[in-house]
**Student:** 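Structure incoming, see below.
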Protein chains: 2
Amino acid sequence: MTNWEADDATATYVADVAEYWERGGFSHAAGQILGHLMVCEPAEQTQAELAEALGLSAGTVSTQLKILLAVEMVERVRSRGVRTSFYQVPKNMWTRVLASETSRIGGLRGLADQGLKVLPQTRPDRIVSLDQMVRFFEHEWPQLEERLEEFLRKEES
Amino acid sequence: MTNWEADDATATYVADVAEYWERGGFSHAAGQILGHLMVCEPAEQTQAELAEALGLSAGTVSTQLKILLAVEMVERVRSRGVRTSFYQVPKNMWTRVLASETSRIGGLRGLADQGLKVLPQTRPDRIVSLDQMVRFFEHEWPQLEERLEEFLRKEES
DNA sequence: TCATGTTTTTAGTTATACCTGAAATCACTG
DNA sequence: CAGTGATTTCAGGTATAACTAAAAACATGA
């Protein structure tokens with residue numbers, strides 16, 4: 001109860017970000033960390049600062065950060081001469097998140113291939129439409145990523 | 001233990017589909033139902049048949065079907081003169097799923113707008129890049145959906 | 001290498017989601 | 001509108017995930 005959040009607006013923001021990502025499968029604590037790192041000052045925070053700001057235990061912060069680091073939505077920053085690590089939202093976070101979508105498409109590719117081998121007599125479209133959808137995205141997704149990069153380049157002006 | 005699955009191949013398929021969707025936030029039972037409905041014969045199944053085939057209780061089938069119906073990955077079919085409802089994978093399931101992505105983008109739009117109001121002094125890109133990403137998809141997603149429809153039209157031949 | 005502060009791991013508690021079996025409700029046929 | 005089968009709801013038990021507090025492991029500056 002020392003310094004929960006700078007002000008009400010950012011506190012609300014942290015809660016909203018947490019709620020959004022909770023639906024995406026993250027824990028509430030992970031969502032809070034993400035939300036805080038979106039708006040905190042400075043942008044780089046230690047585990048102790050995160051725990052303090054959000055009222056979480058050291059263990060929770062450690063565990064949830066590990067998850068966020070694994071999906072590359074947070075990165076660790078270490079500077080020479082300082083014993084403590086800092087954590088921050090990486091510069092190109094969204095590009096990374098989008099890239100990870102490729103592996104999810106890969107999962108569906110597996111289900112489509114397997115499905116074609118057990119293709120049902122009636123309504124084979126149940127499998128075929130999945131295969132079509134996957135083929136479509138295997139073709140489109142790389143292009144979309146390229147267009148995103150181009151879009152971001154143009155925004156820098 | 002009466003008629004668990006037609007054969008080993010489809011049983012494996014059901015398990016794999018269940019595993020995939022479990023990572024997507026569904027329960028194991030919901031994933032099983034989805035997998036079974038992808039390959040079962042006939043394509044339309046009653047709750048009792050689903051419960052029997054997958055070894056689930058009537059309550060579980062009812063509850064999980066409700067969820068699958070809500071996200072439109074399963075549809076209910078009722079025919080005159082028959083007291084029982086049937087459940088099946090809808091013809092255009094993937095189009096529906098893709099369409100629901102629009103609302104998720106909408107959620108991010110909200111986070112971006114709110115974030116711009118509490119824009120941090122340092123590393124404002126933490127919010128700005130989110131806003132850019134959302135703007136990109138607000139522009140691209142409808143086009144992508146159109147291209148998907150065109151792609152599916154061409155496949156019908 | 002030591003000393004110190006940071007991070008991770010572990011054990012234990014609490015909260016939540018899942019599933020079952022049974023009762024209640026609902027919908028349709030005759 | 002009564003009877004029957006299908007579906008939903010509810011209470012209870014079980015498994016799992018989240019979180020905490022404390023101990024262990026780790027890393028770094030001196």
Side-chain angles (χ1 to χ4, degrees), chain A residues 1-2 4 14-15 17-37 42 44-71 74-88, chain B residues 1-2 4 14-15 17-37 42 44-71 74-88:
Chain A
M1 230 137 297
T2 359
W4 257 47
V14 170
V17 172
E19 193 189 334
Y20 181 85
W21 286 108
E22 227 170 329
R23 263 181 248 130
F26 286 113
S27 71
H28 186 69
Q32 286 183 90
I33 292 171
L34 216 37
H36 183 77
L37 289 178
E44 317 83 36
Q45 301 270 299
T46 65
Q47 291 200 12
E49 285 170 335
L50 290 169
E52 162 67 14
L54 300 169
L56 299 169
S57 73
T60 298
V61 171
S62 172
T63 305
Q64 299 306 314
L65 271 180
K66 191 158 62 177
I67 293 169
L68 292 170
L69 289 166
V71 298
V74 170
E75 70 183 357
R76 179 187 212 151
V77 181
R78 326 194 45 160
S79 35
R80 265 178 25 93
V82 180
R83 44 163 41 48
T84 316
S85 291
F86 290 83
Y87 300 85
Q88 67 180 4
Chain B
M1 229 133 299
T2 359
W4 256 47
V14 170
V17 172
E19 192 189 335
Y20 181 86
W21 287 109
E22 227 171 328
R23 263 182 248 131
F26 286 114
S27 70
H28 186 69
Q32 287 184 89
I33 292 172
L34 216 38
H36 183 78
L37 289 178
E44 317 84 35
Q45 299 270 299
T46 65
Q47 291 200 12
E49 286 171 334
L50 290 170
E52 163 68 13
L54 300 169
L56 299 170
S57 73
T60 299
V61 171
S62 172
T63 305
Q64 299 306 315
L65 271 180
K66 191 159 64 177
I67 293 169
L68 292 169
L69 289 166
V71 298
V74 170
E75 70 182 358
R76 178 186 214 153
V77 181
R78 326 194 44 163
S79 36
R80 263 178 28 92
V82 181
R83 38 157 56 43
T84 316
S85 290
F86 289 83
Y87 300 86
Q88 67 181 2

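Note that the structure is a prediction, hence the values are computed from the model and not measured. We name chains A, B, ... by the order of the sequence lines, and we start the count at 1 in each one.
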**Student:** What is the distance, to the nearest angstrom, from the CG atom on B:L56 to the P atom on C:dA17?
**Tutor:**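 Rounding to the nearest Å, CG of B:L56 and P of C:dA17 are 20 Å apart.
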**Student:** Nearest-Å distance, CG (A:L50) to P (C:dT6)?
**Tutor:**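 One finds 13 Å between P of C:dT6 and CG of A:L50, rounded.
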**Student:** Pick the closest DNA chain D nucleotide for A:A58 and for B:R76 by heavy atoms, then say which residue is nearer the 5' end.
**Tutor:**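 Per heavy-atom nearest nucleotide, the more 5' residue is B:R76.
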**Student:** For B:T84, which contact category applies under a 4.0 Å heavy-atom criterion: base, sugar-phosphate, or nothing?
**Tutor:**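 Here B:T84 touches the backbone only, sparing every base.
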**Student:** State which residues pass ring-ring contact (aromatic ring centres under 6.0 Å, His included) with A:F86; sequence neighbours excluded, sorted by chain then number.
**Tutor:**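 ring-ring contact (aromatic ring centres under 6.0 Å, His included) list for A:F86, sorted by chain: empty.
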**Student:** May I have the distance from B:I67 (atom CD1) to D:dT8 (atom C1'), rounded to whole angstrom?
**Tutor:**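 Taking atom C1' of D:dT8 as the reference, CD1 of B:I67 is at 14 Å.
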**Student:** Nearest to the side chain of A:S57, which nucleotide is it out of D:dT20, C:dT7, C:dC19?
**Tutor:**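 That would be D:dT20.
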**Student:** Measure from CD on B:E22 to C1' on D:dA17 and round the result to the nearest Å.
**Tutor:**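 To the nearest whole Å, that distance equals 14 Å.
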**Student:** Do any side-chain nitrogens or oxygens of B:T60 fall under 4.0 Å of OP1 or OP2 in C:dC18?
**Tutor:**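 Result: no.
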**Student:** Mapping A:R83 and B:S62 to their closest nucleotides on DNA chain D, which lands nearer the 5' end?
**Tutor:**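 It is B:S62, whose closest nucleotide lies nearer the 5' terminus.
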**Student:** Report yes or no: does A:T46 contribute a side-chain atom to a donor-acceptor pair with the main-chain N or O of A:E49 at less than 3.5 Å?
**Tutor:**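 Yes, because the side chain of A:T46 sits within donor-acceptor range (under 3.5 Å) of the backbone of A:E49.
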**Student:** If you check the A:Q47 side chain, which of C:dT20, C:dT8, D:dT7 turns out closest?
**Tutor:**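 For the A:Q47 side chain, the nearest candidate turns out to be C:dT8.
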**Student:** Roughly, in whole Å, what's the span from CZ in A:R23 to P in C:dA17?
**Tutor:**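 One finds 14 Å between P of C:dA17 and CZ of A:R23, rounded.
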**Student:** Nearest of C:dA27, C:dT7, D:dC19 to any side-chain atom of B:R78?
**Tutor:**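 For the B:R78 side chain, the nearest candidate turns out to be C:dA27.
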**Student:** Under 4.0 angstrom, heavy atoms only, what part of the nucleic acid is A:T46 near: base, sugar-phosphate, or nothing?
**Tutor:**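 Touches nothing.
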**Student:** Ignoring the backbone of A:S27, work out which of D:dT7, D:dA18, C:dT9 is nearest its side chain.
**Tutor:**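 Per side-chain heavy atoms of A:S27, the pick is D:dA18.
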**Student:** Between atom CG in A:L54 and atom C1' in D:dA18, what is the gap in whole Å?
**Tutor:**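 From A:L54 CG to D:dA18 C1': 15 Å.
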**Student:** Of all the heavy-atom pairs spanning B:A58 and B:Q47, show the shortest one and how long it is.
**Tutor:**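 It is O-OE1, 4.3 Å.
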**Student:** Does B:V82 reach a base, just sugar-phosphate, or nothing at all? Heavy atoms under 4.0 Å.
**Tutor:**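 Sugar-phosphate, backbone atoms only, no base.
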**Student:** Do A:Q45 and A:Q88 have side-chain N/O donor and acceptor atoms under 3.5 Å apart?
**Tutor:**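 Note: A:Q45 and A:Q88 side chains miss the donor-acceptor criterion.
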**Student:** Would you mind reading off the distance between B:F26 atom CZ and D:dT16 atom C1', rounded to a whole angstrom?
**Tutor:**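 For the pair B:F26 CZ and D:dT16 C1', the rounded distance is 20 Å.
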**Student:** Determine whether the side chains of A:S27 and A:Q64 contain a donor N or O and an acceptor N or O closer than 3.5 Å.
**Tutor:**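 A pair is found: one side chain offers a donor N or O, the other an acceptor, under 3.5 Å apart.
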**Student:** I need the NZ-C1' distance between A:K66 and D:dA25, as an integer number of Å.
**Tutor:**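 So the two atoms are 13 Å apart, to the nearest Å.
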**Student:** Counting only side-chain heavy atoms from C-beta out, which of C:dT8, D:dT9, D:dT20 sits nearest to A:Y87?
**Tutor:**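 Nucleotide nearest to A:Y87's side chain: C:dT8.
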